[in-house]
Amino acid sequence: MPPLRRLVLPFLLVGGLVGAGVLGVAGPASADVTGSTSTDDVVLYNHCQQHPIDYDLLVSPGTALWRLEVQVADPAGHVSEGSVVNSATNPTTAGTVTTTFCGSEPAGTYTVRATGFYEILPAVEIPYVLPTTTFQVRPAKTRTSLRSTSLGHGRYRLTTTVREESEKGFAKSNGVTVRIERLVHGAWKKVRGTALTTVHGAVTATLTGRAGSKVRAVVPARNNYAGSSSRAVRL
């Protein structure tokens, strides 16, 4: 019997050491990365802008390395190239990346997709995905006004003024299409030859018409600016 006890005791000690080793490796597995992204809506101004997207990560103490990639998908599902940050070059877990809008992008709902990986052991990458964030992209608003000046003999000079939404309010527009419409039997009809483009917020056209008839100026909606119309003006 004594020899049997001498054999059993070493086996229990070895088993205890193995168990302790397993617990020692498994401990850091509780490390993880979670977090969120946030951003505001976008107005498609007539120039390029860097739109900020904020991220905020919660990184467990056992995490040795983390990497985050932020991409933006447009309403059709086309995805941007993306911005990458990682703990090796940017140890701060909260920050901002940017995506560019130049006015030609489609309006609608955009989605922020944030994915990445972290390591608890070297070269062992564990993926993670943050909740998606959506934001709206809309055209810039326009405001249109019209003034009529009689030139005599049934001819009128029509001056259209268009102001376009900007970061500081409404400013004089450039490159905005304007057309003149005439009220005919209760319906607005386009006047031929009056499709013009604003320069420094204004455009002028000469029109022949009957005194007392009504006209208006219309800005048709385009991708990067919203449509608008002036009040009706009597010749």
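Shown here is Arg143, whose CZ atom has no more than 12 heavy atoms of other residues, nucleotides or ligands within 6.0 Å. Heavy-atom contacts from other residues, nucleotides or ligands closer than 6.0 Å to CD of Glu167 number more than 12.
A donor atom on one side chain and an acceptor atom on the other are not found under 3.5 Å apart for Glu105 and His78. Using modelled atom types, one finds no donor on one side chain facing an acceptor on the other under 3.5 Å when comparing Thr99 with Ser80. Side-chain atoms of Thr109 and Thr134 include no donor-acceptor pair closer than 3.5 Å. Thr132 and Thr111 form no side-chain donor-acceptor contact under 3.5 Å, judged by distance and modelled atom types alone. Counted by atom type alone, Thr100 and Gln49 present zero donor-acceptor pairs between their side chains at under 3.5 Å. Checking Asp56 against Ser36 by side-chain atom types alone, no donor-acceptor pair falls below 3.5 Å.
Between Leu235 and Arg210 there is no side-chain heavy-atom pair separated by less than 4.5 Å. Looking at heavy atoms from C-beta onward, Lys172 lies out of side-chain contact with Asn174 at the 4.5 angstrom threshold. With a 4.5 Å cut-off on side-chain heavy atoms, Thr159 and Thr149 do not count as touching. Side-chain contact between Glu119 and Val124: absent, with no pair of heavy atoms (C-beta onward) separated by less than 4.5 Å. Between Thr204 and Leu196 there is no side-chain heavy-atom pair separated by less than 4.5 Å. Side-chain contact check for Asn224 versus Pro139: every heavy-atom pair is 4.5 Å or farther apart. A 4.5 Å side-chain heavy-atom check between Ile126 and Val33 finds every atom pair outside the cut-off. Within the 4.5 Å cutoff, side-chain heavy atoms of Ser230 are placed close to those of Thr144.
Within the 3.5 Å criterion, the main-chain N or O of Thr194 finds no donor-acceptor partner in the side chain of Arg179. Remark: side-chain polar atoms of Ser83 are not paired, donor with acceptor, to backbone N or O of Val97 under 3.5 angstrom. Checked by atom type and distance alone, the side chain of Thr161 never pairs as donor or acceptor with a backbone atom of Ala202 at under 3.5 Å. No donor-acceptor pair under 3.5 Å is formed between the side chain of Ser173 and the backbone N or O of Glu164. Using modelled atom types, one side-chain atom of Thr133 and one backbone atom of Thr37 make a donor-acceptor pair closer than 3.5 Å.
A pairwise comparison of heavy atoms in Lys141 and Phe170 identifies O-CE2, 3.6 Å as the closest pair. Residues Asp74 and Pro106 share a closest heavy-atom pair of OD2-CG, 4.2 Å. Between Leu65 and Ser87, the closest heavy-atom pair is CD1-OG, 3.0 Å. For the residue pair Val233 and Ser148, the shortest heavy atom distance occurs at CG1-CB, 3.7 Å. Here the closest heavy-atom approach between residue Thr142 and residue Ser228 is recorded as OG1-OG, 2.7 Å.
Once rounded to the nearest 0.5 Å, the distance linking OG of Ser145 with CZ of Arg163 reads 9.0 Å. Separation of atoms OG1 (Thr63) and CD1 (Ile120) is listed at 8.0 Å; rounding is to 0.5 Å. Rounding to the nearest 0.5 Å places NZ of Lys189 at 10.0 Å from CD of Glu181. If you take CG on Leu151 and CG on Leu158, they are separated by 9.0 Å, rounding to the nearest 0.5 Å. Considering OG1 of Thr98 and CG of Asp54, their distance stands at 11.0 Å, rounded to 0.5 Å. Atom OG1 of Thr89 and atom CZ of Arg67 lie 10.0 Å apart (nearest 0.5 Å).
Put simply, Leu68 and Val59 are part of the same group of oily side chains (I, L, V, M, F, W, Y) that touch within less than 4.5 Å, one to the next. Cluster annotation: Tyr118 is connected to Leu121 through the hydrophobic network of ILVMFWY side chains, with a link wherever side-chain heavy atoms come within less than 4.5 Å. Transitive grouping of hydrophobic side chains (ILVMFWY, heavy atoms separated by less than 4.5 Å) keeps Leu207 and Val178 in distinct clusters. Side-chain heavy atoms closer than 4.5 Å link hydrophobic residues (I, L, V, M, F, W, Y) into clusters, and following such links, even through other members, never connects Ile180 to Val218. Both Ile53 and Trp66 are assigned to one and the same hydrophobic cluster, defined by single-linkage of ILVMFWY side chains at heavy-atom distances under 4.5 Å.
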Practice task
Might you work through the side-chain contact (heavy atoms from CB on, under 4.5 Å) test for Val43 and Arg138, ending with a clear yes or no?
Solution key: CA-CA 5 Å; Val43 177; Arg138 66 169 177 82; 3.4 Å; yes

Exercise for the section: Step by step, work out the side-chain contact (heavy atoms from CB on, under 4.5 Å) result for Lys214 and Arg182. Expected result: CA-CA 6 Å; Lys214 291 183 178 181; Arg182 192 195 312 266; over 6 Å; no

Problem - Steps toward side-chain contact (heavy atoms from CB on, under 4.5 Å) verdict (Val215, Val191) - result: CA-CA 9 Å; Val215 294; Val191 178; 5.6 Å; no

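Residue pairs meeting the ring pair (Phe, Tyr, Trp, His ring centres under 6.0 Å) criterion with at least one partner in residues 182-235, sequence neighbours excluded, do not occur; the list is empty. Note on residues 127-168: pairs passing ring pair (Phe, Tyr, Trp, His ring centres under 6.0 Å), not counting sequence neighbours, are His51-Phe135, Tyr110-Phe135.
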